[in-house]
Every structure is written in structure tokens, then in C-alpha cells.
2 protein chains.
Amino acid sequence: MRLSTKGRYAVTAMLDLALNGQDGPVTLSDISENQGISLSYLEQLFAALRARQLVRGVRGPGGGYFLGRPADEISIADIICAVDEWVEFTRCQGKEDCRGGQRCLTHSLWDDLSRQIYDFLTDITLADLVARGLEKERECGSRKPGTTLEEVSDRAA
Amino acid sequence: MRLSTKGRYAVTAMLDLALNGQDGPVTLSDISENQGISLSYLEQLFAALRARQLVRGVRGPGGGYFLGRPADEISIADIICAVDEWVEFTRCQGKEDCRGGQRCLTHSLWDDLSRQIYDFLTDITLADLVARGLEKERECGSRKPGTTLEEVSDRAA
DNA sequence: TAATAACCAAGTAATATACTAAGTTAATAA
DNA sequence: TTATTAACTTAGTATATTACTTGGTTATTA
């Protein structure tokens, strides 16, 4: 498992999609402006997301991107793996002395941990994040019309 | 939270320490050989780990490194934060339009997730990892004398 | 006093990050 | 039909990070 700023950009962009994709497709230009990410970098990221069917592009005027499937069926792990390319950690099984050897012992412990992190992020969906954000927003109250979580959620309902 | 290969090297090295540091200090040369990490890179990593009191160095012949405190008091988050420099994610609170603005909404959702990952890794200690590895090893059985988890654990007891 | 191994600093090749530039293709609206 | 929009594609690049090399110094032990 890897968790870089690249993965963060991807998750952030997907969150933007989840929040704004209710009433029509969202353009990368919008996300670029909203999140302060360069358009071309977004295009790169979305090429990877599209390859995994996490988003669906619509061409032409009025076009943009939708989520590839419902927000509660897209996990954070899905997103991060799409852009960050799950690099398999030192798989020395077979190659080196792995019959209880010190090297592969620690490697297998690391693999276990990595698997745990992956499982953890597999259980968190975009929908979860948005829902949890909703609760928090409710506590603090909101001000600017049309851009609060409540109203976004109302539109979705 | 960041989770790079650098963090993986640090965790791997600390696991090595936890496993072999029972009967005396472990040299970076040993870890270098065991884990296939360059000595100088290890020195860089251990400078950061030492700064956070996660390891304790002993100079001179017969010297090496010990864990800075018991393995059950060192979390994976401690290790990763030591070498990876917890970069605070876009703190646009105040600077930009943050009263329900779309940008900071997604950013705060990301912050929440990042906090969750951090909390998750705070709950996992080196001792946990070693213990969980122990169980697994027991199931499969081991072969080479002196380097299996059972024997390492026996030495520790 | 010699050997060991931590500790320190500067430089570097290789890679990843994030972006710019310059297009092509498909869909819509004039 | 034509212009516009926005997805899609490719190539190149400045910057930063990674992982390492080199060449030291200091403290400790034999």
C-alpha cells in the first residue's frame, strides 16, 4: 500500500465528484478550479481512474465526469490503487533464503501490515466520507447558500 | 499521513531491531545486510528515528542500536511520522473562502480520512506486528534454527 | 593505539511529482 | 455545416524525493 500526495489529489477529486456530480457531469476545469489542481494533471489522474471504471467521461459541451458507480461502492483503496499503482513489496519468496531467514521474516511482517492498511481503506467508501462530513457540518452550522453539505445532500435526495 | 517506500524501509528496519535487539545492540551493517538497504541510507533514517527517541545508539565496538522504548510503546505511526515528516495538508482555513466553500469542504473530508489512517496506525505497535507474525509462523512451521520467530520469541522471554 | 561503529555532511543518479504545451476526437449548439 | 466545448492523448520538463556514494569525525572498546 502506498499513500502519496498523488493519491490525495485523486481522493480529493473523487470527493469533489461525489459532492457535485448529483445534477449533471462535472468538468475537470471545475475540479481544477475548486481544488487547485492543474487541469492536465487531473487529466492524467482521470485516465487512470477511467481505466478502472471509477469514473465515466461524457464528451462535448455540457459534458464532464460522473462516478463510475454509486459512491457507496467506491472505496478509498480503489482510488489510491488506481493512481498509485500497487507496487508489490519485495517478493523475495523463492529468490532468496526465505526458510525462516531474517530478511523475509520482516518482509512478511511488513506485508501483513500493508494488507491491514489496505483492508482498512477498502472498508471506507466515498459515501462514508461524505456522510461523516455531513454530521460534522451539522454540528458547526453553515453559512454560504448553495455550497453547504446540507444543501448538496438535499439535492441528492 | 504519508506512506512511502521510505516509511516502509523505516518500519522494516525497526522490525529487524525488535526481533534481534533482545540480546544486545544491532548494528546498521547487520540491518543493511539483512534487509538489503544501503548503510548510509539507514544512517539517514536512524538519525530521524533517534531524534524522536525511537532508537538509542551505542558507539564503539560491540555497539549498535536498541529500541528507544519497549516494542509495545512504539506505534507504526510513530515510525512513519519520524522519517516521513507529517506534511500538513492544505490548511486553507482562513486563507481562502472556507465558509462552506467547495474546496475546503473536500479538504476537510480528506483531513478526516487522514486522521483516521493516522489513528489506525497509532493503534498498531511493533510488538503487535511481531506477535501477529508469531501466530502465522506457528501455523506453517519453521526450518532454519536460530532465525525463526519462535526462537526469537523464546530468547525474549 | 588500533579497530569498531555510531554520527555527520555534501554530493548525485534515478525516479516520481506536478505541470505545460499542443494536439485529436466526439458531442452539442449556433 | 460550423464553431464550441470538453474529453482524451502524447510528449516534454522543472522540481522534489529517493536511495545511495563518498569521505569524513567522534566515542568506545580491546
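Please read all numbers here as calculations on a predicted model, not as lab measurements. We use all heavy atoms of the structure for the numbers below, so side chains are in, but hydrogens, waters and symmetry mates are not.
Within 6.0 Å of atom CD in B/Glu33, 12 or fewer heavy atoms from other residues, nucleotides or ligands are found, so the atom counts as exposed in its surroundings.
Annotation: side chain to side chain donor-acceptor pair (under 3.5 Å) contacts involving residues 59-79 of chain B, sequence neighbours excluded, comprise B/Arg69-B/Asp78, B/Ser75-B/Asp78.
For the pair A/Met14/A/Leu67, a side-chain contact is recorded, criterion being any heavy-atom separation below 4.5 Å from C-beta on. The side-chain heavy atoms of B/Asp16 and B/Thr12, taken from C-beta on, include no pair separated by under 4.5 Å.
The two residues B/Leu126 and B/Ile79 have their closest heavy-atom pair at CD2-CD1, 3.9 Å.
At whole-Å resolution of the value, CD1 in B/Ile31 and P in C/dC7 are 12 Å apart. Distance CG (B/Leu45) to P (C/dA6): 14 Å, rounded to an integer number of Å. When rounded to the nearest whole Å, the span between CZ of B/Arg56 and C1' of C/dA5 equals 15 Å. The distance from atom CZ of B/Arg59 to atom C1' of D/dT29 is 14 Å, rounded to the nearest whole Å. Straight-line distance from the CG atom of A/Leu28 to the C1' atom of D/dA6: 8 Å, rounded to whole Å.
When distances are taken from the side chain of A/Tyr65 to each of C/dT28, D/dT29, D/dA7, the shortest belongs to D/dA7.
Both A/Gly62 and B/Phe46 lie near DNA chain C, and the one whose nearest nucleotide falls closer to the 5' end is B/Phe46.
There is a path of hydrophobic side-chain contacts, each under 4.5 Å, that joins A/Phe120 to B/Leu129.
Residue B/Leu39 is out of contact with every strand shown, counting any heavy-atom pair closer than 4.0 Å.
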Do nucleotides 9-18 of chain D as a string where each nucleotide becomes B, S or -: B if the base has a protein heavy atom under 4.0 Å, S if just the sugar-phosphate does, - if no protein is that close. B-------SS
